[in-house]
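Since we're looking at a predicted model, the values are computed, not measured.
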Amino acid sequence: MQISTVNFALGAASIKQVPCEGIPQLAFLGRSNSGKSSLLNALFQKQVVKTSNTPGKTREINFFLVNNFCYFVDLPGVGYAKVSKTMRDDMANRIKNYVEKAHDLKGIVYLLDIRHGGHQIDFETINGIKNAGVPVLLAASKADKLNQSELIAAKRKIKENFCLAELPLAISSKTKKGLPELWKEIDALLNGAENV
């Protein structure tokens, strides 16, 4: 996909505010420090999404209209965030409701920090998404933080931990590694192809 226009559409605080216009939606999810905002900016090739050194800044479900064709959806991070337990639970419920009830959701790109191999909350979240019948593409972020041998070992570990059929896609928002391959997977999800 060649991006010509990207516009922030809205920040939804509840499922009632989620657009249901028949426009395909592709969501991005991961732990609070997985690099979702940086990845979206790398895909958009400009600073559209606010980034922060403090994990957990995304609280609402943010919709970005791409090429007047589809929405890229920035979901709140799962897990750690410097907010109260009540707000953390509220964010988790917001994600769950969106995944289960958004009619135009075509799939979720789930970001996993390649250095950590996956946490319990990653396994639980991905299983929950799959159980809701939504395709999940697992992408291993921050690949620039590892050397080649570390990268190979980390990809094998993630493949084993998540019982993947093949090695995960390793990407870097900083160096743009893996982004062309990610775009191919994104196009497949938006066009209804089955994925991971």
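- With sequence neighbours excluded, the residues that form a side chain to side chain contact (heavy atoms under 4.5 Å, CB included) with Glu124 are Gln120.
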Can you give me every donor-acceptor pair (side chain of residues 1-14, partner residue at least two apart or in another chain, under 3.5 Å) with its distance?
unit_1: Ser4; atom_1: OG; unit_2: Asn67; atom_2: OD1; d: 3.0
unit_1: Thr5; atom_1: OG1; unit_2: Asn67; atom_2: N; d: 3.4
unit_1: Ser14; atom_1: OG; unit_2: Lys16; atom_2: N; d: 3.4

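- When side chains are defined from C-beta on, Leu29 counts as touching Ile129, because their heavy atoms get closer than 4.5 Å.
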Requested in this report: In sequence, state the C-alpha distance, the side-chain angles, and the governing distance for Ile186 and Leu43, and then conclude on side chain to side chain contact (heavy atoms under 4.5 Å, CB included).
Outcome: CA-CA 11 Å; Ile186 286 172; Leu43 292 172; 4.0 Å; yes
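- Counting heavy atoms from C-beta outward, Val18 and Lys101 have side chains that stay 4.5 Å or more apart.
- By the criterion of side-chain heavy atoms lying less than 4.5 angstrom apart, applied directly or through intervening Ile, Leu, Val, Met, Phe, Trp or Tyr residues, Val48 is grouped together with Trp183 in one hydrophobic cluster.
- Residue pairs that meet the salt bridge (charged side-chain N to carboxylate O under 4.0 Å, His left out) test with at least one member in residues 160-174, sequence neighbours left out, do not exist here.
- Under the side chain to side chain contact (heavy atoms under 4.5 Å, CB included) criterion, Ala27 pairs with Val73, Leu75, Tyr98, Leu105, Ile108, not counting sequence neighbours.
- Each ring-ring contact (aromatic ring centres under 6.0 Å, His included) pair with one or both residues in residues 108-150, not counting sequence neighbours, appears once here: His116-His119, Phe123-Phe162.
- Partners of Asp144 under the side-chain hydrogen bond (donor to acceptor under 3.5 Å, both in side chains) rule, at least two apart in sequence or in another chain, are Ser172.
- The ring-ring contact (aromatic ring centres under 6.0 Å, His included) contacts involving residues 9-34 comprise Phe28-Phe72, where partners must be two or more places apart or lie in separate chains.
- Asp122 places none of its side-chain heavy atoms less than 4.5 Å from the side chain of Leu138.
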Tell me which donor-acceptor pairs under 3.5 Å the side chains of residues 147-159 have, and how far apart each pair is, sequence neighbours excluded?
unit_1: Asn147; atom_1: OD1; unit_2: Ser149; atom_2: N; d: 3.2
unit_1: Asn147; atom_1: OD1; unit_2: Ser149; atom_2: OG; d: 3.0
unit_1: Asn147; atom_1: OD1; unit_2: Glu150; atom_2: N; d: 2.8
unit_1: Glu150; atom_1: OE1; unit_2: Asn147; atom_2: N; d: 3.0

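- Listed by chain and residue number, nothing satisfies the side-chain hydrogen bond (donor to acceptor under 3.5 Å, both in side chains) test with Gln17 (two or more places apart in sequence, or in another chain).
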